[in-house]
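A short worksheet on the structure shown next.
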Amino acid sequence: MGIDRNEWGVAKGCVREYGHFIDGTEVPSSGERIERHSPATGELVASWPTGTIADVDRAVKTAVEAFEDGRWSGLTASQRSEVLSRVAVQLKNDWKRLALIETLETGKAIAQSADEIPWSGDMWDFAAGQARALHGDAYSSFGDSKLALALREPVGPVGIITPWNYPMVVLAQKLPYALAAGCTVVVKPSEFTSGTTLELARILREAGLPDGVFNVVTGYGNPVGQRLAEHPDIRLVSFTGSTATGRKIVEASAFNMKKVVLELGGKNPNIIFADANLDAAVDGAIKAFVYNSGAECCSGSRVIVQKNIADKFISRLCEKLDSIAIGDPLDLATKMGSINNQPQYEKILKFIEAGKNEATLVRGGRALPDRGCFYIEPTVFKNVPLDASIAKEEIFGPVIAVMPFETIDEAIRIANDTEYGLASSVWTSDLATATRMARKVNAGVVWVNTFLDLPSEIPVGGVRQSGYGRENGRYAAEEYTVIKTVVLQDPTAAARYLD
Ligand code: NDP
């Protein structure tokens, strides 16, 4: 049974039409438009403009003016905090409509979107506190006549480029922290999922954010994202997406030496020891590749299991997978909706075909056209060689490669046999094993006996080719600042150069 769409705020057949959002107003499209069809049903659900370089330049000019006249950075931290708190409240109040829009555009299960909007609200709430907590340092150790300060100042106008897998959550990991620091912002959302970002623009305006502080330009990665990354007046770009595009952003940033924060791909190890609570580990392993149809940068796509429990683990996993409800994303009982878009769907199926030649297919491996446009079965491979494409490359779909290990040293070696380093999970009941793994696995996050556990207080981010910089927690707001050093000298007590 699907949800009542009228009650959730977007009636069936309603096609939402948006413009860019620049200087506090919706700017109508001057040219072509991108139409978004639900990836689950094919229904046309929304459209937004195909942005141009001129659109980006206009939005950046607005963000620069808004930064320089201090209409936002010049407020007190407590005034900025109040605006962010009002946004948090509104996200929590308006969660039904926003969750429905998120599901219509992404194809993800509505129960999941219904979690993600309040979760995003929680990040806005936390960032509101960070606006007031942000401060620099004072140095009083140079005698009575000298004092030095390290001031934290907003870095300037910021560009944010977001992907299609978590449109609202990823934006919430960046935008409120940039605003907390006093920056102004231009966002380019994914061409596939721009709706909630544009809805948020309206919420920000109603919450009292001054015009020009938050701007959105929709369109394709090239030219819109590329221009934002290159723009000489943008001082920091925060990007979440593929490692290949991350590399282009770093190259583009070189022109004006802008700061870059990157949250990129992962090929994350999910390591299960024989002494783990097996039910919990199986449940965690399923969540780690079925949640969001595996389109999760932290997805546990390499399952590394101790050999003496491997067969038992795989059969328990497959048994549980049979009970996963896959289908209509608007049904609250659905656990796994559709793949987000056609290129991604085709990419996953290609990996599955490659996997059939590289390893043993245990379960799944097929498209599910009877469920809707882009559905794929949860797919499990075993006997996967370490150099197989399905063991090395980010698939970003409901596919896992199961690999056995015998000793803890071997588990560490396999876990670290990757160019990525975003997240990892370890399942064990032994404290010594947990401690050793937490120290030795090369990843930005190590979860022990849990997965995708991300309260707003804790920092997330990668090492190696998974990127750099941190989101969430107190470090997130700091990313959007620069340190200015001030040295104050009492002129009557200064040592003279010429004396
Ligand atoms: P991309 O990295 O290409 O897209 C992410 C964002 O970057 C989108 O807004 C995209 O725009 C934009 N973009 C694309 N090209 C440029 C550019 N040259 N300069 C600036 N911005 C640009 O990911 P894809 O959508 O192509 O997905 C491909 C793969 O990336 C997935 O299969 C997955 O492996 C990985 N991925 C990882 C994510 C993560 O969370 N770490 C998130 C999404 C994807 P637009 O889409 O509008 O063209």
Side-chain angles (χ1 to χ4, degrees), residues 19-27 51 53-87 123-124 127-128 130-132 134 151-162 170-189 194 197-198 200-218 224-225 227-239 249 253 256-261 469 471 476-482 484:
H20 303 304
F21 188 86
I22 301 175
D23 205 8
T25 50
E26 214 165 304
V27 178
I53 288 179
D55 293 325
V56 178
D57 288 353
R58 181 172 167 193
V60 173
K61 188 166 176 282
T62 303
V64 169
E65 283 166 9
F67 184 74
E68 286 179 351
D69 69 17
R71 73 186 77 164
W72 181 243
S73 62
L75 299 184
T76 64
S78 124
Q79 287 169 318
R80 284 202 297 276
S81 177
E82 262 179 52
V83 174
L84 302 187
S85 293
R86 281 199 287 271
V87 177
M123 288 187 247
W124 280 83
Q130 289 303 297
R132 301 183 73 167
L134 203 56
L151 305 181
R152 276 203 181 272
E153 298 195 330
V155 65
V158 164
I160 291 179
I161 302 171
T162 56
V170 169
L171 191 56
Q173 291 175 325
K174 303 174 187 296
L175 177 60
Y177 298 97
L179 295 176
C183 297
T184 57
V185 178
V186 179
V187 175
K188 189 213 94 67
S194 302
T197 303
L198 290 157
L200 182 67
R202 296 173 187 167
I203 293 174
L204 285 165
R205 187 174 52 196
E206 280 156 25
L209 190 77
D211 291 349
V213 174
F214 177 66
N215 307 277
V216 184
V217 179
T218 56
V224 176
R227 176 63 181 158
L228 204 50
E230 283 168 1
H231 204 291
D233 295 331
I234 290 289
R235 301 293 164 196
L236 179 151
V237 167
S238 179
F239 169 77
I249 286 172
S253 73
N256 69 335
M257 300 296 170
K258 54 174 67 69
K259 281 180 86 175
V260 180
V261 176
E471 311 204 292
E478 291 180 359
E479 294 283 357
Y480 296 94
T481 66
V482 282
K484 179 190 276 176

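Atom set for the values below is all heavy atoms of this structure, side chains included, hydrogens, waters and symmetry mates excluded.
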Is there a donor-acceptor pair closer than 3.5 Å between any side-chain N or O of N256 and the backbone N or O of E230?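 Answer holds: no.
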Whether R235 side chain and P157 backbone form a donor-acceptor pair below 3.5 Å: no
Per the side chain to side chain donor-acceptor pair (under 3.5 Å) rule, which among E479, K174, K259 passes with S238? K174
State, to 0.1 Å, how close A127 and A180 come at their nearest heavy-atom pair, and which atoms those are. O-CB, 3.7 Å
Contact summary for E26 and F21, nearest pair of heavy atoms: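 Heavy atoms of E26 and F21 come nearest at N-CD1, 4.3 Å.
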Is R202 paired with E206 through a side-chain N to carboxylate O contact shorter than 4.0 Å?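 Here E206 does not pair with R202 in a salt bridge, since their nearest N and O are not under 4.0 Å apart.
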Spacing of [X] atom [atom1] and [Y] atom [atom2] [to the nearest 0.5 Å]:
X	Y	atom1	atom2	value
W72	L179	CH2	CG	6.0 Å
L228	D55	CG	CG	12.0 Å
T162	K188	OG1	NZ	7.0 Å
D211	T25	CG	OG1	7.5 Å

For R58, I'd like to know if atom CZ has over 12 heavy atoms of other residues, nucleotides or ligands within 6.0 Å. no
Give a yes or no on this: more than 12 heavy atoms of other residues, nucleotides or ligands lie within 6.0 Å of atom NZ of K61. no
